[in-house]
Student: 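Could you have a look at this structure, given as structure tokens, before my questions?
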Amino acid sequence: MIERERIIQNYIEAYNQFNIDKMIADFDESIVFENIQNGEINLTLSGIKEFTAQAEKAKEYFSTRKQIVTSFIHDEITAIIDIDYYAVLAIDFPNGLKAGQELKMRGKSIFQFLDGKIVKLTDMS
């Protein structure tokens, strides 16, 4: 459990620093990523190359972003974290959000592990 928490903290720290290489350091090559917003999957990525490409693109969206872990729950293969999320948009979005606008929300991330690597990551907000 301690090792998983270290891996997750490494990922969160890298995310906050826009450091893609560090974000994927503990990912399995076949990582599956899902983003769920308002109960619906709005993004699914398969493999480390797809995740990396999306993460690089997403760096352009924010001038600042920060995830803070507020709780950890573990079972045999899964770690679930609750997060407080804060970001400042760097660009205007088609949905009406504007550059400079602040986002504050709470979410949850579910990390699934196999052989010490993250094989699936689901972000929920």
Side-chain angles (χ1 to χ4, degrees):
M1 305 292 177
I2 300 294
E3 180 62 11
R4 281 196 214 162
E5 288 187 19
R6 185 200 61 75
I7 288 170
I8 292 168
Q9 289 290 8
N10 181 69
Y11 171 82
I12 297 295
E13 182 179 293
Y15 177 91
N16 292 344
Q17 297 170 350
F18 297 89
N19 184 335
I20 307 305
D21 289 337
K22 188 175 174 184
M23 283 173 65
I24 64 172
D26 295 299
F27 279 8
D28 186 82
E29 287 290 322
S30 62
I31 183 78
V32 173
F33 173 81
E34 290 180 337
N35 190 72
I36 300 173
Q37 193 169 28
N38 299 320
E40 293 187 21
I41 297 173
N42 65 2
L43 178 65
T44 301
L45 304 170
S46 297
I48 206 159
K49 287 182 182 179
E50 274 190 30
F51 182 92
T52 301
Q54 177 61 32
E56 288 291 344
K57 185 176 175 183
K59 284 173 36 174
E60 301 170 9
Y61 301 162
F62 306 101
S63 58
T64 301
R65 65 184 185 188
K66 185 166 185 155
Q67 291 185 16
I68 298 170
V69 178
T70 59
S71 73
F72 277 94
I73 301 170
H74 298 279
D75 68 18
E76 293 300 314
I77 62 167
T78 304
I80 301 170
I81 62 169
D82 288 318
I83 56 168
D84 287 340
Y85 182 80
Y86 171 81
V88 177
L89 299 178
I91 62 170
D92 293 342
F93 283 82
N95 66 0
L97 296 174
K98 300 289 182 195
Q101 188 172 343
E102 293 183 348
L103 299 178
K104 293 180 185 178
M105 64 182 111
R106 289 204 163 124
K108 186 179 302 267
S109 292
I110 303 167
F111 294 81
Q112 291 182 349
F113 290 84
L114 181 64
D115 298 328
K117 294 285 190 181
I118 300 168
V119 294
K120 186 173 183 183
L121 171 57
T122 304
D123 284 345
M124 302 167 65
S125 60

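Along the sequence shown, residues carry numbers from 1.
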Student: Enter the distance from Gln37:CD to Asn42:CG here, rounded to the nearest 0.5 Å.
Tutor: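 The CG atom of Asn42 is 5.0 Å from CD of Gln37, to the nearest 0.5 Å.
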Student: Indicate yes or no: at least one non-hydrogen side-chain atom of Asn10 is less than 4.5 angstrom from one of Lys22.
Tutor: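 Heavy-atom side-chain distance check passes, below 4.5 Å.
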Student: Sub-3.5 Å donor-acceptor pair from the side chain of Gln9 to the main-chain atoms of Glu5, do we have one?
Tutor: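 Here the side-chain-to-backbone pair does not exist.
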Student: State plainly whether one hydrophobic cluster holds both Met124 and Leu103, where clusters connect Ile, Leu, Val, Met, Phe, Trp and Tyr through side-chain heavy atoms under 4.5 angstrom apart.
Tutor: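 No; tracing contacts between hydrophobic side chains, which count when under 4.5 Å, never links both residues.
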Student: Are Leu114 and Ile8 connected, step by step, through hydrophobic side chains (Ile, Leu, Val, Met, Phe, Trp, Tyr) whose heavy atoms are closer than 4.5 Å?
Tutor: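 Shared cluster, no.
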Student: Do Ile83 and Val88 share a hydrophobic cluster, counting only Ile, Leu, Val, Met, Phe, Trp and Tyr and linking them when any side-chain heavy atoms are less than 4.5 Å apart?
Tutor: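 They do not share one cluster, since no chain of ILVMFWY contacts under 4.5 Å joins Ile83 to Val88.
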Student: Mind listing the closest non-hydrogen atom pair of Ile91 and Phe93 along with its distance?
Tutor: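 Smallest interatomic distance, heavy atoms only, reads O-CD1, 3.5 Å.
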Student: Assigning hydrophobic clusters by single linkage (Ile, Leu, Val, Met, Phe, Trp, Tyr; side-chain heavy-atom cutoff under 4.5 Å), is Ile68 placed with Phe18?
Tutor: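 No, no single cluster joins them.
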Student: OG1 of Thr52 to CG of Asp21: how many Å apart, nearest 0.5 Å?
Tutor: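 Interatomic distance, Thr52 OG1 to Asp21 CG, rounded to 0.5 Å: 8.0 Å.
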Student: Please name all residues satisfying salt bridge (charged side-chain N to carboxylate O under 4.0 Å, His left out) with Lys49, sequence neighbours left out, ordered by chain then number.
Tutor: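 Partners of Lys49 under the salt bridge (charged side-chain N to carboxylate O under 4.0 Å, His left out) test: none.
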Student: In Å, rounded to the nearest 0.5 Å, how long is the span from CD of Glu76 to CD of Gln112?
Tutor: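 That separation rounds to 13.0 Å.
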Student: Would you call Asn35 and Thr44 a side-chain contact if the rule is heavy atoms closer than 4.5 Å?
Tutor: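 Of all side-chain heavy-atom pairs linking Thr44 with Asn35, none is under 4.5 Å.
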Student: What's the shortest heavy-atom distance between Val69 and Ile12, and which atoms?
Tutor: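 Scanning both residues completely, I find the closest heavy atoms to be CG2-CG1, 3.9 Å.
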Student: Under the side-chain contact (heavy atoms from CB on, under 4.5 Å) criterion, do Phe113 and Ile118 qualify, and how do the steps go?
Tutor: CA-CA 5 Å; Phe113 290 84; Ile118 300 168; 3.6 Å; yes
Student: Within this structure, what is the CG-CG distance for the pair Asp26 and Leu121, rounded to the nearest 0.5 Å?
Tutor: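 Going from CG on Asp26 over to CG on Leu121, the span is 12.0 Å.
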Student: Do other residues, nucleotides or ligands put more than 12 heavy atoms under 6.0 Å from the NZ atom of Lys117?
Tutor: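 Buried by this count: over 12 neighbours within 6.0 Å.
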Student: Give the ring-plane orientation class for Tyr11 versus Phe51, where under 30° counts as parallel, over 60° as perpendicular and anything between as tilted.
Tutor: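 Geometry flag for Phe51 against Tyr11: tilted rings.
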Student: Within a reach of under 6.0 Å around CG of Asp115, are more than 12 heavy atoms found that belong to other residues, nucleotides or ligands?
Tutor: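 Open.
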Student: Closest heavy-atom contact between Thr78 and Ile80?
Tutor: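 Distance-wise, the nearest heavy atoms are CG2-CG1, 4.0 Å.
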Student: Run the side-chain contact (heavy atoms from CB on, under 4.5 Å) check on Val32 and Val119 step by step: do they pass?
Tutor: CA-CA 6 Å; Val32 173; Val119 294; over 6 Å; no
Student: Quick one: does Leu43's side chain get under 4.5 Å of Phe33's, heavy atoms only?
Tutor: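 SC-SC contact between Leu43 and Phe33 confirmed.
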Student: Under a 4.0 Å N-O cut-off, is there an ion pair linking Lys120 with Glu34?
Tutor: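 Looking at Lys120 and Glu34, the cut-off is met.
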Student: Once you round to the nearest 0.5 Å, how far does CD1 of Ile81 lie from OG of Ser71?
Tutor: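 The OG atom of Ser71 is 8.0 Å from CD1 of Ile81, to the nearest 0.5 Å.
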Student: Using every non-hydrogen atom in the two residues, find where Met23 and Ala55 come nearest and quote the distance to one decimal.
Tutor: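 Distance-wise, the nearest heavy atoms are CE-CB, 4.5 Å.
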Student: Within 45° of the axis and under 6.0 Å from the centre of the six-membered ring of Phe111, does NZ or CZ of Arg4 qualify?
Tutor: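 Pair Arg4/Phe111 does not count as cation-pi.
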Student: Rounded at 0.5 Å granularity, tell me how far CZ in Arg6 sits from CD in Glu13.
Tutor: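 One finds 11.0 Å between CZ of Arg6 and CD of Glu13.
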Student: Is there any side-chain hydrogen bond (donor to acceptor under 3.5 Å, both in side chains) pair reaching into residues 100-109, and which pairs are they, with sequence neighbours excluded?
Tutor: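 Matches after skipping sequence neighbours: Asp82-Lys108, Asp84-Arg106, Tyr86-Glu102, Ser109-Asp123.
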Student: Is it the case that one hydrophobic cluster holds both Ile20 and Ile7, taking links as side-chain heavy atoms less than 4.5 Å apart, direct or via other members?
Tutor: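 Yes, Ile20 and Ile7 fall within the same hydrophobic cluster.
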